[in-house]
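A short write-up of the structure that comes next.
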Amino acid sequence: MIRRIRSDCRIGTLERKLGLGAGAFRHKNGRDIRSDMKLSTLRKMTKGK
């Protein structure tokens with residue numbers, strides 16, 4: 001069974017946990033996503049558009 005990533009996790013923490021480099025998550029226009037943004041906020045942003 002695959003474990004889900006908690007929605008209250010911060011983007012910076014998630015990048016470190018997954019072994020990705022800083023700035024791996026980006027907006028559609030190519031801008032870097034802030035590392036202190038919560039994953040739930042990012043999910044809401046992508047779902048709304």
Counterpart residues, side chain to side chain donor-acceptor pair (under 3.5 Å), relative to Asn29 (two or more places apart): none
Nearest-0.5 Å distance that lies between atom CD1 in Ile11 and atom CG in Leu39: 5.0 Å
What pairs of donor and acceptor atoms, side-chain ones from residues 14-27 against any protein atom, are under 3.5 angstrom apart with sequence neighbours left out?
residue	atom	partner	partner atom	Å
Glu15	OE2	Gly23	N	3.4
Glu15	OE2	Ala24	N	3.2
Arg26	NE	Gly23	O	3.4
Arg26	NH1	Gly30	O	2.9

Listed partners of Arg34 passing salt bridge (Lys or Arg N to Asp or Glu O under 4.0 Å), at least two apart: Asp36
Distance-minimising heavy-atom pair for Ser7 and Lys38: O-CB, 4.2 Å
